[in-house]
There are 2 protein chains.
Amino acid sequence: MRDERRPTLTDVAERAGVSKSLVSLVMRDEPGAGAETRRRVLEAAGQLGYQPDSRARLLRSGRSRLLGVVFGIQHPFHADLVTGLYTAARETGYELALSAVTADRDEAEAIAGLLQDRCEALILLGPHSSAASLARLSGRMPVVSLARPVRHTGVDVVRSADAEGSGLAVDHLAGLGHTAIAHIDGGRAPGAAERRRGYRAAMDRHGLTGRILPGGLTESEGAAAARALLADPPTAVTVFNDRCATGVLDVLSRNGIAVPDELSMVGYDDSSLARLAHINLTTVAQDVTTMTRSALTRAIARVQNEPITRREIIVPPHLVVRGTTAPPA
Amino acid sequence: MRDERRPTLTDVAERAGVSKSLVSLVMRDEPGAGAETRRRVLEAAGQLGYQPDSRARLLRSGRSRLLGVVFGIQHPFHADLVTGLYTAARETGYELALSAVTADRDEAEAIAGLLQDRCEALILLGPHSSAASLARLSGRMPVVSLARPVRHTGVDVVRSADAEGSGLAVDHLAGLGHTAIAHIDGGRAPGAAERRRGYRAAMDRHGLTGRILPGGLTESEGAAAARALLADPPTAVTVFNDRCATGVLDVLSRNGIAVPDELSMVGYDDSSLARLAHINLTTVAQDVTTMTRSALTRAIARVQNEPITRREIIVPPHLVVRGTTAPPA
DNA sequence: GCTGCTGCCTGGAACGTTCCAGGGCAAGGA
DNA sequence: TCCTTGCCCTGGAACGTTCCAGGCAGCAGC
């Protein structure tokens, strides 16, 4: 039962009493077939449960209509981005091919896997590869880096205005009356430098002196930073990302420091983590919908060789005020 | 520069001065070519940077050597499973095709995406589809359900002995001297019924009366359950999974209940969440390595029509004692 | 010498599509 | 009347592989 041969174009053509070329046309929704015939063909296809063979299709047409996506399977924010990409891809006629970076499968391997599949373009989420190797890759196919700036003219970039985002966080806290505002940074993580810069600039703008603690992008790095904070706590802190922020939150609550009563906190990403009712984190939202849609349209534009003006697309972030910020005690 | 045609078998054949059939043999490492010729062919292929076109290869051979994997992109435990699957797949000669279930892309859609790619088998992580629809699917191709039991003879199942796992948690707590041990369950989530059953059986075994609170598989459901717990806290609690447990932990620490001093807690999954230093959750570990390897071998065995004795593979779990359990105060 | 084998190699037919060049046929203009 | 112009439609050649049926040496055995 299992190895019945799948129906092919020829089967459908026979059943509908037309040529396979015509069936091909109809299946692709191209003009050149009469209404009645079209109906008959679709009916036959439906009855046989015909599904076009993507391999044959690609082989002949030289196109795969496949966009490769490389993401970190452990990153909640990447999960949000992938979700957005799927949604954005829905109406484009392109499919997504996912390839995950895991603990023992690095980015190079993830990319190599996609290359075999003959993707037409690559969308990399917060890629860690060197600019040089991304550049080399972009010689083979269009490459879009999502959520990480890349200094090379061959690589498109879609990212949020991270400096501006940090600025929003600081403005919000300063507006509440905070003056001792620390920043737990993301080290070498994608976007970290930019956010640090935005923090510094905003502090300067408000005439405040900043204080930067080394952090990272994971919960445990946040927890470590929080412990360092305990000795001499500020009244407010902006954190590199939500994941790191939850680590900070956890250590604070274990040490009896009430948030936001004793300490206000702003995260970054508005990942699904921050939205959880019991975390309820004030955070800087990256506009995932716009970012993913932009990344997708850009990739497709490159594939179709459309003229492009600006290589970098910068999406403005916005502040989402929830329960972890309040005026200082 | 970007659209240089990729070299094909014919190009290599010409360069090496042999037929393309022979090149094909050599590339596949099959017998039937002399040592010297083989060397010459490989050299030519190397010089041209030849990479076989997988699509054409698959089209002709009728095989894709592709295993479809459907996973929930928001589930940390699925992330661990996918990681394991990639590792397990490494030496098998099969590739993984990922398809994610997201907030607006349901399981049916994720599966449909894979069907187009002509996968030879499907591995579904904790599938939510009805047994009937999985059964229908299994008529088309081998289907392995990972981490969720399915009552249908056509579908293979790889899962951990969930009842036994709950038992381990209870035994551990009882062994520490706890008698008031509650269970926060997973509702209709995959595995929940089994874990509930194991909890009840173990409590009976120890002559204790159980108490089950409705929970779920997410942090917020855990947080809600924890709030329900506050009115009349037990001395220990076993939780459906790690993700739910972190929700519980969070509410507890906000309400000044010390873990494990005032309340011990055991999670389930040993997801990367539990391993975080600041969470440090005692938990029941599903043996991800064995489970993923089993799922993969099973899928491949089905594809190759090997005889199979037991449809269900049940992997024993084990307890990982970390910092959230201690004797009652 | 012939036969039969084995080891290396070749040619051509698939696989299921898409693409291109055209073929009928009806309607419309000269 | 005949030629054009569209509209539908068909046939067959690709695409880059693998697979199958051989071919042609060289060598052993009779």
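Residues satisfying the side chain to side chain donor-acceptor pair (under 3.5 Å) test with B:Glu95, not counting sequence neighbours, are none. Taking the side chain to side chain contact (heavy atoms under 4.5 Å, CB included) definition, one finds that A:Arg28 meets it with A:Ser24, A:Leu25, A:Glu30, A:Arg57, sequence neighbours left out. With sequence neighbours excluded, no residue forms a side chain to side chain donor-acceptor pair (under 3.5 Å) with A:Thr83. In this view, B:Thr92 and B:Ala89, B:Tyr94, B:Leu296, B:Ile300 satisfy the side chain to side chain contact (heavy atoms under 4.5 Å, CB included) rule, not counting sequence neighbours. Remark: A:Ser99 pairs with A:Arg105 by the side chain to side chain donor-acceptor pair (under 3.5 Å) rule, at least two apart or across chains. The side chain to side chain contact (heavy atoms under 4.5 Å, CB included) test applied to B:Ala131 returns B:Val150, not counting sequence neighbours. For A:Glu14, there are no side chain to side chain donor-acceptor pair (under 3.5 Å) partners, not counting sequence neighbours. Qualifying side chain to side chain contact (heavy atoms under 4.5 Å, CB included) partners for A:Ala112, counting only residues two or more places apart in sequence or in other chains: none.
In the helix from C:dG1-D:dC30 to C:dA30-D:dT1, the terminal helix axes, each the rotation mapping four pairs' C1' atoms onto the next four within five end pairs, subtend 70°, rounded to 10°.
Here B:Arg28 reaches the OP1 or OP2 of D:dC19: one of its side-chain N or O atoms lies under 4.0 Å away. An OP1 or OP2 oxygen of C:dT17 is reached within less than 4.0 angstrom by no side-chain nitrogen or oxygen of A:Ser24.
Non-hydrogen atoms lying under 4.0 Å from DNA chain C are contributed by B:Leu59, B:Arg60, all within residues 44-62 of chain B.
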Handout entry: Test log, rule side chain to side chain contact (heavy atoms under 4.5 Å, CB included), inputs A:Tyr86 and A:Leu98
Key = CA-CA 10 Å; A:Tyr86 268 124; A:Leu98 258 43; 3.3 Å; yes
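In this structure, B:Glu30 atom CD and C:dG7 atom C1' are separated by 15 Å, rounded to whole Å. Across the protein-nucleic acid pair, B:Leu9 atom CG and D:dC15 atom P stand 13 Å apart, rounded to whole Å. Straight-line distance from the CD atom of B:Glu14 to the C1' atom of D:dG16: 14 Å, rounded to whole Å.
Evaluation of the ring pair (Phe, Tyr, Trp, His ring centres under 6.0 Å) test over residues 47-80 of chain B, restricted to residues two or more places apart or in two chains, returns B:His75-B:His78.
A:Leu122 has its side chain out of reach of A:Val69: every pair of non-hydrogen atoms, C-beta onward, lies at least 4.5 Å apart.
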Find every protein N or O atom lying less than 3.5 Å from an N or O atom of nucleotides 8-11 of chain C, and list the pairs.
from: C:dC9; atom 1: OP1; to: B:Thr37; atom 2: OG1; distance (Å): 2.5
from: C:dC9; atom 1: OP2; to: B:Gly34; atom 2: N; distance (Å): 2.6
from: C:dC9; atom 1: OP2; to: B:Thr37; atom 2: OG1; distance (Å): 3.1
from: C:dT10; atom 1: OP2; to: B:Ser19; atom 2: N; distance (Å): 2.9
from: C:dT10; atom 1: OP2; to: B:Ser19; atom 2: OG; distance (Å): 2.9
from: C:dG11; atom 1: N7; to: B:Ser21; atom 2: OG; distance (Å): 3.2
from: C:dG11; atom 1: O6; to: B:Ser21; atom 2: OG; distance (Å): 2.8

